[in-house]
Amino acid sequence: LPPAFLVGLIGSGIQASRSPALHEAEGAAQGFRYLYRLFDLDVLGGGVESLPRLLELAEALGFAGLNITHPCKQAVLPLLHEVSADARALGAVNTVVLRGGRRIGHNTDHSGFAEGFRRGLPDAAMGEVVQLGAGGAGAAVAHAALTLGTGRLTLLDRDADRAEALAAQLNAHFGAGRARAATDIAAAMRGADGLIHATPTGMAKYPGLPLPEELLHPGLWVAEVVYVPLETALLRAARARGCRVVDGGGMAVFQAVGAFRLFTGAEPDAERMLRHFQRM
Ligand code: NAD
């Protein structure tokens, strides 16, 4: 029989997740028996306090691993035996490998963003980068941006405390002065090489642009994390102004590529997974 992998996702409100289809199609293409199940806290009727029981259940059923999403990415940390250095620095885990009674945490959100970014915007200038949004996705992509060599990252969030807290966390890890929080978007955008967008603005529930359109100056690159829809109002406006852009699909696919690799030990075909994602 071909190798068999049982994996899943724990989170809240995950019925529309593309991960099952993305993983299972790649598993089938590799000739595996590969099942990706959902543990939706909204359906099961619980919160993060269900995590210990769900992890035990998955282990008892022989799961090879789990993806972890909102609201569990931080809460899962104390339940793990080992955590990769980058996930530890980020304070968030989105992938848990279950092997030999041990639970090993990783974070493929930041590596996924980095991979999508390198692919979509090779040779992007990284001196001064502005990032909007310092929530869950924001923490992962800010970590990726500094790992990719951003000279100075300026963080803005509607909730100024979040931007401050993330800047302090990044400076503690990457060195003083690499990140700062700001509130004046026009001043921050002056002289910026690139803009990373990590708020939910542009999704159907939060339409519109996250900043005044005239701040998108020619020569700026724009990296989006929203991937439903793939073509946001921000990307449309940026393209119209001649900016190079990368959409949120790369991050979504490459976090799955990384998780598949960790779960199976096999090398996924990233291009095949990208093509599959684009057809969804
Ligand atoms: P979150 O709620 O944790 O964080 C969003 C942050 O944006 C909050 O701190 C909020 O205060 C701030 N914010 C909202 N509107 C703003 C505005 N107009 N200006 C400034 N700040 C604003 O959410 P999250 O989990 O970080 O998700 C953000 C987006 O990223 C969602 O659209 C999500 O779908 C997307 N996402 C994409 C991927 C991917 O793989 N591409 C992965 C994770 C999340």
Side-chain angles (χ1 to χ4, degrees), residues 9 11-19 21-23 48 67-75 87 90-95 107-117 119-121 130-145 154-167 169 181-186 188-189 195-213 215 222-235 237 245-260 270 273-274 277-278 280:
L9 171 65
S12 179
I14 53 176
Q15 292 305 308
S17 168
R18 293 162 192 214
S19 290
L22 201 53
H23 275 256
V48 290
N67 280 134
I68 307 290
T69 191
H70 177 79
C72 300
K73 287 183 186 180
Q74 285 86 28
L90 253 167
V93 159
N94 82 321
T95 303
N107 189 301
T108 67
D109 285 329
H110 81 91
S111 53
F113 176 82
E115 192 60 36
F117 186 90
R119 198 174 167 279
L121 290 172
V130 172
Q131 181 180 313
L132 297 180
V141 301
H143 194 96
T154 301
L155 298 163
L156 296 96
D157 194 294
R158 186 178 276 165
D159 179 344
D161 291 347
R162 282 197 172 184
E164 293 282 356
L166 180 56
Q169 187 204 2
T183 51
D184 183 343
I185 178 85
M189 290 299 293
L195 172 69
I196 298 174
H197 177 241
T199 89
T201 312
M203 302 184 76
K205 256 169 76 182
Y206 310 97
L209 288 171
L211 80 173
E213 188 168 348
L215 298 181
V222 177
E224 175 69 280
V225 305
V226 173
Y227 65 98
V228 187
L230 267 180
E231 178 79 357
T232 57
L234 173 62
L235 291 189
V245 305
V246 63
D247 67 36
M251 179 180 183
V253 172
F254 282 107
Q255 65 77 23
V257 168
F260 186 99
M273 290 179 78
L274 274 164
F277 182 84
Q278 276 150 8
M280 284 181 181

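Worth saying up front: this structure is predicted, and the values here are computed from it rather than measured. Counting starts at 1 for both ligands and their atoms, following the listed order.
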Exercise for review: Could you tell me whether R162 approaches ligand 1 through its side chain, its backbone, both or neither, with non-hydrogen atoms closer than 4.0 Å?
Suggested key: side chain
Review point. So, is G248 polar-close to ligand 1, with some N/O to N/O distance under 3.5 Å?
Key: yes
Exercise for review: Answer yes or no: does an N/O atom from D157 fall short of 3.5 Å to an N/O atom of ligand 1?
Suggested key: yes
Review point. Is there a nitrogen or oxygen of A252 sitting under 3.5 Å from a nitrogen or oxygen of ligand 1?
Key: yes
Review point. Which atoms of ligand 1 sit under 4.0 Å from any heavy atom of M251?
Key: 38 (C), 39 (C), 40 (O), 41 (N), 42 (C)
Check your understanding: Does any N or O in the side chain of Q169 come within less than 3.5 Å of the main-chain N or O of L90, such that one atom is a donor and the other an acceptor?
Key -> yes
Review point. Looking only at non-hydrogen atoms, which of A198, A139, G135, G249 approaches atom 28 (C) of ligand 1 most closely?
Key: A198
Check your understanding: How close does the nearest protein non-hydrogen atom get to atom 43 (C) of ligand 1, and which residue and atom is it?
Key -> A137 CB, 3.9 Å
Point to revise | Q255 touching ligand 1 at heavy-atom level, < 4.0 angstrom | key: no
Point to revise | Heteroatom distance test (M203, ligand 1): nitrogen or oxygen, under 3.5 angstrom | key: no
Review point. Using 30° and 60° as the class limits, which term best fits the ring planes of F277 and Y227: parallel, tilted or perpendicular?
Key: tilted
Practice item. Name the option, out of T199, V225, L211, that contains the heavy atom nearest to atom 16 (C) of ligand 1. Key: T199
Exercise for review: Ignoring hydrogens, tell whether any protein atom lies closer than 4.0 Å to atom 33 (C) of ligand 1; use the non-hydrogen atoms only.
Suggested key: no
Check your understanding: Non-hydrogen atoms of L132 versus ligand 1: any pair closer than 4.0 Å?
Key -> no
Review point. When you measure from atom 21 (N) of ligand 1 to every protein heavy atom, which one gives the shortest distance, and what is it?
Key: R158 N, 3.0 Å
Point to revise | ligand 1 contact by L156, heavy-atom criterion under 4.0 angstrom | key: no
